[in-house]
Amino acid sequence: MENRDVARLLRETARLLELRGENPFRVRAYEQAAEAIEQLDEPVAERVRQGTLTEVPGIGRGLAAQIQELVERGTSEMLERLRQELPPGLPELLTLKGLGPQRVRQLWQTLGIASLDDLEDALRDGRLNQLKGFGPRLHEQLLHALSLRRRYRALRLLAQVLPEAEALRERLRQQPGVIRVELAGAVRRLMEVVDRVELVVAGSAEAVQQVLPQLRQQSGLHGGMLLEGALPDGFPVRVALTTPDAFGTVLWWHTGSEAHCRTFVRTYGAPEPCPEEATIYEQAGLPFIPAELREDRGELEAAAHHALPALIELEDLRGVLHNHSTYSDGRNSLREMAEAACNRGFRYFGTGDHSQSLTIARGLSIAEVRRQQEEIQTLNEQFAARGFRILSGTECDILPDGSLDYPDDVLASFDYVVASVHTRLNMDEKTATERILRALRNPHVTILGHPTGRLLLRREGYPLDWPRIIDACATYRVALELNANPYRLDIDWRRVRDATAAGVPIVINPDAHAIDELDHVRWGVAAARKGWLTPEACLNARDLDELLAWLHQRRQSVQP
DNA sequence: GCCGTTTTCGGCCCGACTGTTTTCAGTCG
């Protein structure tokens, strides 16, 4: 039992307790314990052995006993009882927007609805209308939530799939009978969400099946042989088999995108079988086109004119400008976060704790802002010798009317201001756009944080009139954040080029709530590359002096 | 279920919105 597995079972227990209508604080205790176990920097089994579980904050005698049982038996008596008592499809219903524990219980007990399919049937045949508390709006909302769910269900985040896919590639490389392996498909193109793992293998089907016994042979396109199936957890895998002689061409076809390949073939003809993919572009007289650009968004034309962008790389980032600490809802102290950023080679680290109205995230009062700024000053005296600097920033809420959550004099005390929306996410395009535009006009705003509020595979963002937003960013010299949290990747990479074409800088921010989340910049850089971002157009690829100059200039230029 | 005590009980993050009601329960962030 790894920590992750124990945390998963604790969360399952929490869900089931919640559905049974248990004390919400008891439910939360299980959730917090799951969180604590996940954050533990040693195996939980070790703690069990030493009997030191109760030293972990949030774990008392009751939970320690539960956890010990989970570690030793892989389950617990209570969890088993709960699983028997409640149908297995019930927890999934909880994840639908509009359904909480009360309503799910009501659905189950009155109509016997115990799965997403049951719910859909009941919505369609009108049985839900008889139910108290389920009016036409909720009806509509649930149908919408179900259709989103259907779309999301087949997809996973790149951040979840890529590490697994890379591990699979390594296992295949070790396998006798396998000559060459590469990732292909949407994973190789670094799409933010993917619907399968694709690999190209030079080698025998038998060798691949040694590693992935669940794959079955299918005949594929372009005369190749495909092996198709799923990972043990059900996620689809496709392996294209080929020979070393044709490896490059098969890799090219299976990397796609379909549109890129189609446009290429129309202009340059179908590529001849060749061992190296690079040869395909060479023979067409083109420079190599990185896989993440192959989306048929003008990359072939740009290549023909030798105008492909010199894409940003992880090493180009000099610092990060939106991070949380224990001052608000982060899990590590300011000092720990800054230390970790420094150790990762960053030259600057900017805070971005929440502002006062976001109480649920322990947003900072004005007094706490002052205290944090004092601590930053003290820490900076210590960091100066290492050529590292903490910048004082805030993730200031954009209130529903577009005003900001701190008065001007407080905003002026920060080195920069990330302005973000966290409330009233359901506005229509006109209202949401006006709200953001008003915030952008505030002379203290330097960065628009996670501009659409989307959460990939969980929630759509609010709609915005993008030409007007980008125009306003250019006018008021506000940078756009590409929030690197793998669930956000907001702004969408498809809009990055419009922004940079208008001269609006992009900031790749980790939005880290803990030390390890600083590494989320990896996903932000991946998305930025898909959006053709160059280091020059990226604000936090600038050295500290350049950044400070930009911030200074920005404030000068728009002061009333 | 945890925690911290003014130490075995009461508070635990809470304000706003939504859709349903007809004064509020449930959900959300």
Side-chain angles (χ1 to χ4, degrees), chain A residues 9-11 13-37 53-70 76 78-79 82 93-109 128-145 324 326-331 353-365 368 395 397-401 405 420-428 431-432 449-450 452-455 458-462 485 487-488 511 513:
Chain A
L9 294 175
L10 288 172
R11 289 211 173 87
T13 308
R15 287 288 74 72
L16 294 171
L17 288 170
E18 189 177 32
L19 284 166
R20 223 178 54 171
E22 290 285 339
N23 176 357
F25 294 108
R26 186 178 176 214
V27 172
R28 219 172 71 197
Y30 276 81
E31 278 168 356
Q32 282 168 343
E35 186 74 21
I37 295 295
L53 262 177
T54 51
E55 288 169 22
V56 180
I59 297 177
R61 286 173 57 185
L63 268 160
Q66 283 289 317
I67 292 166
Q68 176 164 5
E69 221 185 323
L70 292 175
S76 75
M78 179 165 79
L79 179 57
L82 287 165
L93 285 172
L94 271 183
T95 64
L96 287 182
K97 191 169 157 58
L99 289 187
Q102 311 294 333
R103 285 178 181 150
V104 170
R105 256 156 62 84
Q106 189 188 358
L107 287 171
W108 177 47
Q109 287 173 345
L128 232 61
N129 299 336
Q130 327 151 4
L131 228 55
K132 189 162 167 269
F134 286 79
R137 295 294 289 270
L138 188 54
H139 196 274
E140 220 27 61
Q141 194 183 336
L142 289 176
L143 278 174
H144 180 65
H324 298 265
T326 46
Y327 273 92
S328 67
D329 59 349
R331 292 190 291 274
D353 279 307
H354 289 290
S355 57
Q356 52 189 353
S357 78
L358 208 66
T359 49
I360 189 168
R362 299 194 295 277
L364 273 61
S365 68
E368 287 168 323
E395 183 181 25
D397 255 62
I398 300 175
L399 302 176
D401 67 356
D405 195 22
S420 307
V421 166
H422 292 103
T423 53
R424 293 287 304 278
L425 301 170
N426 54 351
M427 289 181 171
D428 61 36
T431 324
H450 47 69
T452 75
R454 78 171 178 188
L455 292 177
R458 287 189 195 165
R459 163 176 102 199
E460 304 290 290
Y462 40 81
N485 183 304
Y487 273 102
R488 292 193 183 270
D511 194 0
H513 286 68

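So that the names make sense, note that chain A is the first sequence line, chain B the second, and so on, each numbered from 1.
Ring geometry for His324(A) against His513(A) counts as parallel: the plane angle stays under 30°, on a 0 to 90° scale with 60° as the upper cut.
Between the P atom of dT20(B) and the CD atom of Gln141(A) lies a distance of 9 Å, rounded to the nearest Å. For the pair Arg28(A) CZ and dC2(B) P, the interatomic distance rounds to 14 Å; values are reported in whole Å. Residue Phe134(A) contributes atom CZ, which lies 12 Å from atom C1' of dA25(B) at whole-angstrom precision. For the pair Ile59(A) CD1 and dC2(B) P, the computed distance is 9 Å after rounding to whole Å.
Here, dT8(B) and dG1(B) have their C1' atoms 15 Å apart, quoted to the whole Å. Atom P of dG15(B) sits at a distance of 27 Å from the matching atom of dT21(B), rounded to the whole Å. Spacing between dT20(B) and dG26(B) at atom C1', rounded to whole Å, works out to 10 Å. Rounded to the nearest Å, the gap between the P atom of dC17(B) and that of dC13(B) is 22 Å. Separation of the C1' atoms belonging to dC14(B) and dC9(B) is 23 Å when rounded to the nearest angstrom.
The side chain of Leu138(A) lies closest to dT20(B) when the candidates are dT27(B), dT20(B), dT18(B). Residue Arg424(A) places its side chain closer to dT18(B) than to any other of dT18(B), dT20(B), dG1(B). Side-chain proximity of Arg103(A) to the nucleotides dT27(B), dC13(B), dG29(B) is greatest for dT27(B).
Phosphate proximity of dG29(B) to Arg459(A): present, with a side-chain N or O under 4.0 Å from OP1 or OP2. Put simply, Asn23(A) has no side-chain N or O that comes within less than 4.0 Å of OP1 or OP2 on dG1(B).
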